[in-house]
Amino acid sequence: RKLGVDYVELERYKHAFDKYDEDGSGAIDIEEFECLLNDLLKVPSGQNLSAERIGALWRDADRGGEGELNLEAFCDFFKRHFDNEQPENSISDYYRSIRRIPTMM
């Protein structure tokens, strides 16, 4: 309840959290966060998000400045930016909108 999500959503968030908590520490660090962003934003292989963009998103996710994301911070960030029910806040929609689209000549 503290997270404002129902049990099914929490299980979905927890599954994603565990996937990116590669070292099993119970927290996501900046390196794991970068992998998370690359996957969720579908960054093409061989390309990377800029350090500035990663830093800005990290500061948004790590609002308390702890240097890592616990499940609560992850859920808050994921819900605000990647939850399909809130498309107006979706980072992935933003990146899809600026991705180059081939044109026909």
Side-chain angles (χ1 to χ4, degrees):
R1 291 184 185 190
K2 182 179 180 181
L3 300 175
V5 297
D6 64 32
Y7 182 76
V8 174
E9 285 178 304
L10 181 58
E11 284 296 314
R12 186 170 57 97
Y13 294 156
K14 175 71 170 128
H15 179 74
F17 179 85
D18 289 343
K19 176 181 176 182
Y20 295 105
D21 178 19
E22 295 173 354
D23 61 6
S25 67
I28 293 176
D29 62 30
I30 187 97
E31 290 82 18
E32 293 165 331
F33 184 73
E34 186 173 351
C35 292
L36 173 151
L37 290 175
N38 284 326
D39 284 354
L40 294 177
L41 295 173
K42 297 176 177 50
V43 175
S45 180
Q47 296 184 12
N48 298 304
L49 294 172
S50 71
E52 293 82 15
R53 172 54 72 191
I54 293 167
L57 292 170
W58 177 255
R59 287 186 299 278
D60 180 52
D62 183 24
R63 292 180 168 189
E66 289 89 15
E68 61 185 19
L69 303 181
N70 61 18
L71 179 60
E72 183 177 348
F74 171 80
C75 287
D76 178 58
F77 178 79
F78 191 90
K79 186 175 169 185
R80 285 185 291 115
H81 294 294
F82 293 101
D83 194 326
N84 292 332
E85 294 177 10
Q86 299 178 0
E88 68 277 0
N89 295 328
S90 175
I91 292 172
S92 55
D93 286 345
Y94 167 75
Y95 277 99
R96 266 188 244 123
S97 73
I98 63 170
R99 202 172 275 163
R100 291 187 180 174
I101 299 171
T103 57
M104 302 197 45
M105 298 209 175

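Atom set for the values below is all heavy atoms of this structure, side chains included, hydrogens, waters and symmetry mates excluded. Small disclaimer: the values here were computed from a predicted structure and weren't measured.
For the atom pair CG of Leu71 and OH of Tyr13, the computed distance is 11.0 Å after rounding to the nearest 0.5 Å. With rounding to the nearest 0.5 angstrom, the CG atom of Asp62 is 8.0 Å from the CD1 atom of Ile30. Within the model, atoms CD of Glu68 and CH2 of Trp58 stand 7.5 Å from one another, a figure rounded to the nearest 0.5 Å. One finds the CD atom of Gln47 at 12.5 Å from the CG atom of Leu41 (value rounded to the nearest 0.5 Å). Atom CG of Asp29 and atom CD of Glu34 lie 10.5 Å apart (nearest 0.5 Å). Interatomic distance, Phe82 CZ to Leu36 CG, rounded to the nearest 0.5 Å: 6.5 Å.
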Trace of the side chain to side chain contact (heavy atoms under 4.5 Å, CB included) decision for Asp21 with Phe74: CA-CA 11 Å; Asp21 178 19; Phe74 171 80; over 6 Å; no

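Within the 4.5 Å cutoff, the side chain of Phe78 has no heavy atoms near those of the Glu9 side chain. Considering only heavy atoms from C-beta on, Asp39 comes within 4.5 Å of Tyr20 through its side chain. With a 4.5 Å cut-off on side-chain heavy atoms, Asp18 and Lys14 count as touching. When side chains are defined from C-beta on, Glu32 counts as touching Asp23, because their heavy atoms get closer than 4.5 Å. Looking at heavy atoms from C-beta onward, Arg80 lies in side-chain contact with Asp60 at the 4.5 angstrom threshold. The closest side-chain heavy-atom distance from Arg53 to Leu37 is not below 4.5 Å.
Nearest heavy-atom pair, Phe17 versus Gly26, reported as atom, atom and distance to 0.1 Å: CZ-O, 3.4 Å. The two atoms that bring Ala61 and Ala73 nearest to each other are O-CB, 3.9 Å, heavy atoms only.
In this structure Asp6 satisfies the side-chain hydrogen bond (donor to acceptor under 3.5 Å, both in side chains) test with no other residue, sequence neighbours excluded. Checked against salt bridge (charged side-chain N to carboxylate O under 4.0 Å, His left out), Lys19 has no partners two or more places apart in sequence or in another chain.
Within the 3.5 Å criterion, the main-chain N or O of Val43 finds no donor-acceptor partner in the side chain of Asn38.
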